[in-house]
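One structure is given below, encoded as structure tokens.
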Amino acid sequence: MTGPESEGITVRRAVCPGSFDPITNGHLDIIGRASKLYDVVHVAVMINQSKKGLFTVDERIELIREVTADFGNVEVESFHGLLVDFCKQREIPAIVKGLRAVSDFDYELQMAQMNNGLSGVETLFVPTNPTYSFLSSSLVKEVATWGGDVSHLLPPAVHEALVKRLGEL
Ligand code: PNS
């Protein structure tokens, strides 16, 4: 082992998990805020084989890497399996999630309690910036599919990739 952990220095790690199909300004806001609180933020693109994405997992990873590069402490990878196993394998004690509205709370609470019961990992909820309280990747895709302007809801590189992808369909 090399780096700070080999010298007995604790590296504070957290994970921001999701589908990120594609990453939005709402996700980016949460990842950026987590990156100020933790030494390393892992972004986990969780693979759900029953959901066909607009972007491949590799494309999502590439876009996330591009738009989080300036934070300087974000690592992006995909994972197939339980989020708690991703955390265990990387010694990550905390999951950071954005809460947009009360409607998010029920399901997020269930997942947080399940994950804590399975492995002891904690979930920390960050209230989303109100500017993005209505924002989701699926809504952005739907609006963009019908020609609506979503350029203010996505990082420019992601908006460009979305317009290109929809044009190919
Ligand atoms: O962006 P999404 O699709 O709302 O993210 C949901 C996600 C991927 C975070 C959640 O479905 C998840 O953690 N999936 C990994 C599989 C898992 O651990 N399931 C048990 C959750 S208690």
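Given the structure is predicted, the values throughout are model-derived calculations rather than measurements. We count ligands from 1, going down the list as the structure has it; atoms in each ligand are counted the same way.
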Provide the number and element of each atom of ligand 1 under 4.0 Å from a heavy atom of [X].
X	result
M114	22 (S)
N115	22 (S)
L83	13 (O), 17 (C), 18 (O)
G81	15 (C), 16 (C)

Where is the nearest protein heavy atom to [atom]: which residue, which atom, and how far?
atom	answer
atom 20 (C) of ligand 1	L82 CD2, 4.0 Å
atom 3 (O) of ligand 1	S19 OG, 2.5 Å
atom 11 (O) of ligand 1	M111 SD, 4.4 Å
atom 5 (O) of ligand 1	G18 CA, 3.6 Å

Original post:
Looking at ligand 1, does any of its N/O atoms fall within less than 3.5 Å of an N/O of Y107?
Top reply: no
Original post:
Between M46 and ligand 1, does any nitrogen or oxygen pair lie at a separation below 3.5 Å?
Top reply: no
Output yes when a protein non-hydrogen atom is found under 4.0 Å of [atom], and no otherwise.
atom	answer
atom 17 (C) of ligand 1	yes
atom 7 (C) of ligand 1	no
atom 1 (O) of ligand 1	yes

**OP:** Considering non-hydrogen atoms only, spot the tightest contact between D104 and L99 and give its length.
**Re:** CB-CD2, 3.7 Å
Original post:
Any idea which heavy atoms bring I23 and L154 closest together, and the distance?
Top reply: O-CD2, 3.7 Å
Original post:
So how far is it from I61 CD1 to E66 CD, rounded to the nearest 0.5 Å?
Top reply: 14.0 Å
No-hydrogen, no-angle side-chain donor-acceptor test under 3.5 Å, [X] and [Y]:
X	Y	value
D149	S151	yes
H42	R90	no
S50	N48	yes

Original post:
Does I30 share a hydrophobic cluster with V140, counting links as ILVMFWY side-chain heavy atoms below 4.5 Å and allowing steps through other members?
Top reply: yes
Original post:
Do Y38 and V126 share a hydrophobic cluster (ILVMFWY, side-chain heavy atoms under 4.5 Å, transitive)?
Top reply: yes
Original post:
Non-hydrogen atoms of K51 versus ligand 1: any pair closer than 4.0 Å?
Top reply: yes
**OP:** Take E168 and R165 through the test salt bridge (Lys or Arg N to Asp or Glu O under 4.0 Å) and record every step on the way to the result.
**Re:** CA-CA 5 Å; E168 289 162 0; R165 176 56 41 87; 2.9 Å; yes
